[in-house]
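Here is the structure we will look at, set down as structure tokens.
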Amino acid sequence: MQILYQLLPLVLLFAVMYFLMIRPQRKKDKQIQDMRKSLQVGDEIVTIGGICGKIVKTKDESFIIQVGADKVKFEMMRWAVSSVTKASPRRDTVDEVKEEEPKKVMPKRLRKSSEVEEMEAQEIPAAGKTEEE
């Protein structure tokens with residue numbers, strides 16, 4: 001019985017360490033793994049080295065990203081992705097996007113010829129020219 005009382009603090013310490021340190025880290029690792037598996041063409045990413053680019057082709061364990069104004073392309077491993085800055089629309093949400101009504105574009109109002117003549121008459125003469133010339 002005395003051994004049980006001696007082991008109880010040690011067991012409680014391991015339980016507290018599990019719930020405060022190990023479990024949250026595993027949850028975070030699983031989220032990162034899911035994010036890396038769901039990468040698609042068109043996603044804008046940041047690597048662990050700080051390189052920002054856009055995915056142009058995916059493979060099993062790697063992908064090709066396009067970087068910079070020169071559109072340089074190079075291959076990187078999936079584990080090198082730190083975060084996704086801008087995700088492309090997923091296939092399941094594309095249907096929702098299509099359901100939105102397109103914005104109505106109204107043509108600019110055309111002026112009547114009499115309004116145009118009035119505006120031309122009200123314009124200030126060019127610098128250096130007088131009405132007498």
Side-chain angles (χ1 to χ4, degrees):
M1 191 69 167
Q2 189 175 359
I3 293 178
L4 183 64
Y5 288 124
Q6 289 176 351
L7 290 178
L8 186 62
L10 189 61
V11 170
L12 288 174
L13 181 66
F14 281 119
V16 168
M17 294 237 340
Y18 175 77
F19 284 107
L20 292 180
M21 295 177 67
I22 298 169
R23 189 168 177 245
Q25 185 62 38
R26 284 187 180 174
K27 188 175 180 180
K28 183 179 177 182
D29 289 344
K30 186 177 179 183
Q31 287 175 342
I32 291 172
Q33 223 173 19
D34 291 341
M35 179 266 303
R36 289 177 178 160
K37 285 181 183 178
S38 68
L39 291 174
Q40 289 185 349
V41 173
D43 289 349
E44 293 181 16
I45 61 165
V46 177
T47 66
I48 53 179
I51 299 171
C52 300
K54 185 176 183 179
I55 298 176
V56 292
K57 185 177 180 183
T58 60
K59 298 181 181 179
D60 289 339
E61 291 297 317
S62 63
F63 50 85
I64 297 175
I65 65 171
Q66 180 177 333
V67 180
D70 295 336
K71 298 185 178 181
V72 176
K73 296 178 184 175
F74 56 93
E75 188 172 357
M76 300 208 55
M77 302 302 291
R78 284 189 185 268
W79 58 263
V81 175
S82 173
S83 63
V84 176
T85 57
K86 187 175 180 183
S88 62
R90 302 287 183 229
R91 292 181 189 113
D92 54 349
T93 59
V94 171
D95 296 332
E96 296 172 9
V97 173
K98 289 181 181 177
E99 291 175 6
E100 293 179 8
E101 294 182 20
K103 294 181 180 179
K104 295 180 180 178
V105 178
M106 301 298 288
K108 292 183 179 179
R109 182 176 166 257
L110 298 175
R111 295 182 177 160
K112 295 179 182 175
S113 61
S114 60
E115 290 178 8
V116 173
E117 290 172 0
E118 289 176 15
M119 288 181 67
E120 288 176 355
Q122 292 176 357
E123 286 183 11
I124 301 173
K129 293 185 179 178
T130 60
E131 291 182 16
E132 296 172 1
E133 292 178 8

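Every value quoted in this text rests on a predicted model; they were computed, and no experiment measured them.
- Hydrophobic cluster membership differs between Leu8 and Leu4, with clusters built from Ile, Leu, Val, Met, Phe, Trp and Tyr side chains linked at under 4.5 angstrom.
- Cluster membership for Val72 and Val81, using ILVMFWY side-chain heavy atoms within less than 4.5 angstrom, is shared.
- Atom NZ of Lys73 sits about 12.0 Å away from atom CD1 of Ile65, to the nearest 0.5 Å.
- Qualifying salt bridge (Lys or Arg N to Asp or Glu O under 4.0 Å) partners for Lys37, counting only residues two or more places apart in sequence or in other chains: none.
- From Trp79, atom CH2 reaches atom CD1 of Ile32 across 13.5 Å, with rounding to the nearest 0.5 Å.
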Requested in this report: Just do the side-chain contact (heavy atoms from CB on, under 4.5 Å) check on Glu75 and Lys59 with the steps written out, would you?
Outcome: CA-CA 10 Å; Glu75 188 172 357; Lys59 298 181 181 179; 3.6 Å; yes
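- Smallest separation of non-hydrogen atoms from Gly53 and Val67: CA-CG2, 4.2 Å.
- For the pair Arg78 (side chain) and Asp60 (backbone), a donor-acceptor distance under 3.5 Å is present.
- Residues Met77 and Ile64 do not share a hydrophobic cluster, defined by chaining ILVMFWY side chains whose heavy atoms lie under 4.5 Å apart.
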Query raised in the report: Given Gln25 and Asp29, is the side chain to side chain donor-acceptor pair (under 3.5 Å) satisfied, shown in steps?
Result: CA-CA 6 Å; Gln25 185 62 38; Asp29 289 344; 3.1 Å; yes
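- Put simply, Met35 and Ile45 are part of the same group of oily side chains (I, L, V, M, F, W, Y) that touch within less than 4.5 Å, one to the next.
- Residue Leu20 qualifies as enclosed at atom CG: its count of foreign heavy atoms under 6.0 Å is above 12.
- Here the closest heavy-atom approach between residue Asp43 and residue Ser38 is recorded as OD2-O, 4.1 Å.
- Sorted by first then second residue, the salt bridge (Lys or Arg N to Asp or Glu O under 4.0 Å) pairs that include residues 46-55, not counting sequence neighbours, number zero.
- Checked against side chain to side chain contact (heavy atoms under 4.5 Å, CB included), Val41 has the following partners two or more places apart in sequence or in another chain: Thr58.
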Report task. Take Ile51 and Phe74 through the side-chain contact (heavy atoms from CB on, under 4.5 Å) test and state the conclusion after the steps. Result -> CA-CA 11 Å; Ile51 299 171; Phe74 56 93; 4.0 Å; yes
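- With rounding to the nearest 0.5 Å, the separation of OG in Ser83 from CD in Glu44 is 11.5 Å.
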